[in-house]
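These notes are about the structure you will find just below.
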Amino acid sequence: MDLENQARIKGFCEQYGNEELLVVLGGGEAEASGLAAETVSAGDPTFAGPLAGVSLGLKAYHMFELKDEVDPAIYEAQISMMEMVLDVDAIISEVKTYRG
């Protein structure tokens with residue numbers, strides 16, 4: 001997760017608290033999605049950004065996990081194509097690891 005997004009998420013937590021926030025990810029690789037989920041949950045494991053050593057405790061979900069929560073026409077037009085080319089199960093499994 002880039003430094004700018006880390007700062008934005010940290011700012012949202014400071015403004016709204018972390019109880020009502022969750023992070024929706026859309027990365028195409030399991031490892032990258034897991035790293036982003038870890039960053040918003042436990043802090044930046046690379047110790048390079050604003051969330052280095054900062055545990056926000058946010059829950060992260062990948063967009064694939066929220067398929068049933070999105071208008072089917074929008075999901076079909078914007079996301080469904082990626083389900084055919086990405087390892088959806090691996091991505092979801094990796095992201096779920098950091099919600100336990």
Residue E29 excluded, over 12 heavy atoms near CD under 6.0 Å
no
Starting at [atom1] of [X], measure out to [atom2] of [Y] and round the result to the nearest 0.5 Å.
X: R8; Y: C13; atom1: CZ; atom2: SG; value: 13.5 Å
X: T39; Y: N5; atom1: OG1; atom2: CG; value: 11.0 Å
X: L22; Y: R99; atom1: CG; atom2: CZ; value: 9.5 Å
X: M63; Y: I92; atom1: CE; atom2: CD1; value: 11.0 Å
X: N18; Y: K10; atom1: CG; atom2: NZ; value: 13.0 Å
X: S33; Y: E65; atom1: OG; atom2: CD; value: 9.5 Å

Given the rule in the side chain to side chain donor-acceptor pair (under 3.5 Å) test, do Y75 and E69 qualify, once you have shown the distances and angles that lead to the verdict?
CA-CA 10 Å; Y75 192 92; E69 306 301 322; over 6 Å; no
ILVMFWY network linking F47 to L56, side-chain heavy atoms under 4.5 angstrom
no
Give a yes or no on whether M1 and L3 share a hydrophobic cluster (residues Ile, Leu, Val, Met, Phe, Trp, Tyr; joining criterion: side-chain heavy atoms under 4.5 Å apart).
no
Hits for ring-ring contact (aromatic ring centres under 6.0 Å, His included) against Y61, two or more places apart or cross-chain, chain-then-number order -> none
Taking only residues two or more places apart in sequence or in another chain, which ones pass side chain to side chain contact (heavy atoms under 4.5 Å, CB included) with S93?
none
Between V40 and Y98, does the side-chain contact (heavy atoms from CB on, under 4.5 Å) criterion hold? Intermediate values first, please.
CA-CA 9 Å; V40 299; Y98 298 99; over 6 Å; no
Could you tell me whether K67 and E76 make a salt bridge, using a distance below 4.0 angstrom between a side-chain N and a carboxylate O?
no
Those residues at least two apart in sequence (or on a different chain) that pass side-chain hydrogen bond (donor to acceptor under 3.5 Å, both in side chains) with Q6 are D44
Tightest non-hydrogen contact, residues F64 and L86, listed as CZ-CD1, 4.0 Å
Are any side-chain N or O atoms of H62 and backbone N or O atoms of G27, one a donor and one an acceptor, separated by less than 3.5 Å?
yes
